[in-house]
Amino acid sequence: MSQHALRGMNDIRPPDISIWHEVEKCAHEIFPRYLYQEIRTPILEDMSVFTRSIGDTTNIVEKEMYVFQDRGGKWVALRPEGTAPVVRAYIEHHGNPDEVVRYYYMGAMYRYERPQQGRFREFHQLGAEVLGISSPKLDAEVIHMVDVFFKHLGIKNAVLEINSLGCPICRPKFLRAFFDFLHKNEDKLCSDCKRRMEKNPLRALDCKNPGCDALTREGPSIHDFLCEDCEKDFDTVLETLGLLKTEYKVNPKIVRGLDYYIKTTFEFTSNALGSQNAIAGGGRYDGLVRLMGGPNVPAVGFAIGLERLVDIIKAERNLTAPVLNRKGLFFATLGEKALQKALVLAQQLRNANIPVGLDYEGKSLKSQMRKADKMGAEFVMVIGDSELEKNEAQLRNMSSSTETTISLDQILQALQSIPA
RNA sequence: GUGGGCGUAGCUCAGCUCGGUUAGAGCGCCAGGUUGUGGCCCUGGAGGUCGGGGGUUCGAAUCCCAUAGCCCACCCCA
């Protein structure tokens with residue numbers, strides 16, 4: 001244990017890596033159907049990209065960001081989330097606010113937190129942002145796309161919860177009423193919520209303490225304070241979700257941890273995880289582009305937590321044992337000449353997209369057969385002196401344990417003529 | 001930042017309560033059993049500063065202390 005990856009940072013290796021590949025492939029397949037294009041932004045940004053956007057009093061900015069000065073003295077930060085960098089890139093490259101831009105991204109994010117199940121200091125998000133459309137129908141379509149993505153991966157127990165946080169016009173009225181309510185009932189609140197009351201009262205909605213939970217359910221609801229626009233838009237979102245057959249649960253307690261969200265907010269949760277049960281979250285953030293120095297452009301986005309997603313996929317699949325289907329070929333050679341011949345033939349097969357293994361050290365045939373079996377080869381080609389003389393080899397089918405003699409010049413044809 | 005749990009082979013763990021000869025098992029890995037044939041089986045082998053450090057003791061994986069780490073939960077979030 002002399003060297004260890006940093007706390008909260010993990011190596012992603014086989015066999016898990018294949019699930020990651022699957023998830024990535026699925027994203028590249030589905031998101032472009034909705035006209036999203038991939039964007040890759042730097043992992044490191046000027047610190048202000050995040051402090052200005054996420055909100056000074058959020059946990060992320062207050063104590064979770066990896067921040068340091070580079071050698072030139074500039075304050076930089078490892079990105080703790082994906083939206084702000086995408087917005088920064090949007091402002092940098094797109095001058096026309098009438099243009100609709102749709103981006104998706106995936107990559108590592110960093111937050112200095114205490115690790116626990118489903119939460120790490122380096123984690124990966126798959127997200128998307130749409131800039132330039134204010135219609136709530138888009139909100140619904142974005143959410144629907146996430147749902148489609150999950151279904152495509154075979155995820156069954158993801159639940160969508162949705163809410164409206166109101167806008168800068170109506171939210172302050174609610175906040176005042178809610179604060180008054182908390183203040184009146186201060187003696188019933190847990191110590192954490194007493195603290196939250198002053199700083200960020202909305203957070204009390206999120207409290208899992210049974211007493212606070214029951215209390216805030218009795219209190220004023222954001223939905224009684226929504227202005228006409230917000231209420232109409234929220235109805236449209238729900239209506240459109242119905243149209244698209246996406247099941248949802250309205251939950252007035254969905255409060256997001258970043259300050260820039262307005263109106264529609266949503267989370268997908270799963271009971272297959274531990275206490276970190278959110279697998280995706282997002283919402284509308286119409287004011288952010290302006291706030292970051294760009295034009296006044298409406299926007300919607302979301303992010304999916306990939307570690308958690310992979311966890312769920314593993315949990316849901318664990319019931320069925322994986323089936324090993326053999327593929328590829330292993331050259332079992334006897335003698336230096338045969339090995340040389342195999343090295344050359346191996347390249348031909350690899351060029352034809354066939355996985356090929358061989359032994360370089362002149363091990364016993366038994367040993368080579370074991371290697372072939374372990375790599376999961378469908379065929380083994382045995383080449384020895386007698387075969388070399390006749391320019392042929394024994395082709396062994398590892399599933400049926402049958403062997404045929406084939407010409408060394410016709411390996412490719414022979415392999416390709418066998419139905420997979 | 002707060003609380004609880006855990007550290008012995010690549011992996012999963014036994015041994016620790018009641019300190020005592022070369023620290024074990026299963027799986028995995030390598031080799032042999034058939035000097036030209038895999039899986040099953042049999043035999044053998046490699047692999048461990050018992051997290052690192054300090055202390056008690058004739059003697060510490062085992063008892064004590066303090067450290068770094070891992071896990072889980074709170075906080076918060078993906």
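Hydrogens, waters and symmetry mates are skipped; everything else that's a heavy atom, side chains included, is used. Owing to the predicted nature of the structure, the values given are computational and were not obtained by experimental measurement. The chains referred to below are lettered A, B, ... by the order of the sequence lines, with proteins before strands, and numbering in each begins at 1.
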- Message: How about CD on A:Gln37, more than 12 heavy atoms from neighbouring residues, nucleotides or ligands closer than 6.0 Å, or not?
- Response: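 Open.
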- Query: Just wondering, are more than 12 heavy atoms of other shown residues or ligands nearer than 6.0 Å to NZ in A:Lys253?
  - Reply: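 Yes.
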Look at all strands and tell whether [X] reaches a base, only sugar-phosphate, or nothing, counting heavy atoms closer than 4.0 Å.
X	result
A:Glu113	base
A:Lys374	sugar-phosphate
A:Ala372	nothing
A:Glu122	nothing
A:Phe120	base
A:Gln117	sugar-phosphate
A:Glu64	sugar-phosphate
A:Leu365	base
A:Gly118	base
A:Ser367	sugar-phosphate

- Note on the structure: Output field dot_bracket for RNA chain B (Watson-Crick or G-U, both distances under 3.5 Å, | for other-strand pairs) contains ((((((...((((......[...)))).(((((.......))))).....(.(((..]....))).).))))))....
- Item | Identified side chain to side chain donor-acceptor pair (under 3.5 Å) counterpart of A:Ser270 within the set A:Asp311, A:Asn157, A:Asn277 |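 Result for side chain to side chain donor-acceptor pair (under 3.5 Å) with A:Ser270: A:Asn157.
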Mind checking the [atom1] distance from [N] to [M]? Whole angstroms is fine.
N	M	atom1	answer
B:rG20	B:rG10	C1'	31 Å
B:rC18	B:rA61	C1'	16 Å
B:rC58	B:rG69	C1'	34 Å
B:rA23	B:rA60	C1'	13 Å
B:rC77	B:rG5	P	29 Å
B:rC50	B:rC40	P	34 Å
B:rC11	B:rU49	P	13 Å
B:rC72	B:rC13	P	14 Å

Specify the separation, in whole Å, of atom [atom1] of [X] and atom [atom2] of [N].
X	N	atom1	atom2	answer
A:Arg111	B:rG1	CZ	P	19 Å
A:Phe266	B:rA78	CZ	P	11 Å
A:Asp311	B:rA78	CG	P	17 Å
A:Met375	B:rG28	CE	P	20 Å
A:Lys371	B:rC30	NZ	P	7 Å
A:Arg326	B:rG39	CZ	P	11 Å
A:Lys366	B:rC30	NZ	P	13 Å
A:Leu334	B:rU37	CG	P	9 Å

Do the ring planes of [X] and [Y] sit parallel (below 30°), tilted (30 to 60°) or perpendicular (above 60°)?
X	Y	result
A:Tyr66	A:Tyr112	perpendicular
A:Tyr285	A:Tyr261	perpendicular
A:Phe266	A:Phe268	perpendicular

Just to confirm, is there a sub-4.0 Å distance from OP1 or OP2 of [N] to any side-chain nitrogen or oxygen of [X]?
X	N	result
A:Ser386	B:rG36	no
A:Arg114	B:rG1	no
A:Arg370	B:rG39	yes
A:Gln116	B:rC72	no
A:Lys63	B:rG1	no

- Message: Once rounded to the nearest 0.5 Å, what's the spacing between atom CZ of A:Arg102 and atom CD1 of A:Ile133?
- Response: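 Between A:Arg102 CZ and A:Ile133 CD1, I get 4.5 Å after rounding to 0.5 Å.
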- Query: Going from CD1 on A:Ile19 to CD1 on A:Ile313, what distance comes out if it is rounded to the nearest 0.5 angstrom?
  - Reply: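 Going from CD1 on A:Ile19 over to CD1 on A:Ile313, the span is 6.0 Å.
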- With no angle test and no hydrogens, is the base of B:rG39 tied to the side chain of A:Ser401 by a donor-acceptor pair under 3.5 Å?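 Such a pair is found, so the answer is yes.
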- Query: Looking at B:rG36, does its base get a donor-acceptor pair with the side chain of A:Glu403 below 3.5 Å?
  - Reply: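 In this structure, the two groups form no donor-acceptor pair.
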- Query: A:Phe123 side chain: which of B:rC70, B:rG36, B:rA78 is closest?
  - Reply: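 Looking only at side-chain atoms, A:Phe123 lies closest to B:rA78.
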- Task: Between B:rC77, B:rC70, B:rG38, spot the one nearest the side chain of A:His4, thanks.
- Result: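 Side chain of A:His4 sits closest to B:rC70.
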- Any salt bridge between A:Glu378 and A:Lys327, counting N to O under 4.0 Å?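 A:Lys327 and A:Glu378: not salt-bridged.
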- Using the side chain to side chain contact (heavy atoms under 4.5 Å, CB included) rule, pick out the option among A:Val101, A:Ile30, A:Val142 that qualifies with A:Tyr36.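 Testing A:Tyr36 for a side chain to side chain contact (heavy atoms under 4.5 Å, CB included) against A:Val101, A:Ile30, A:Val142 leaves exactly one candidate, A:Val142.
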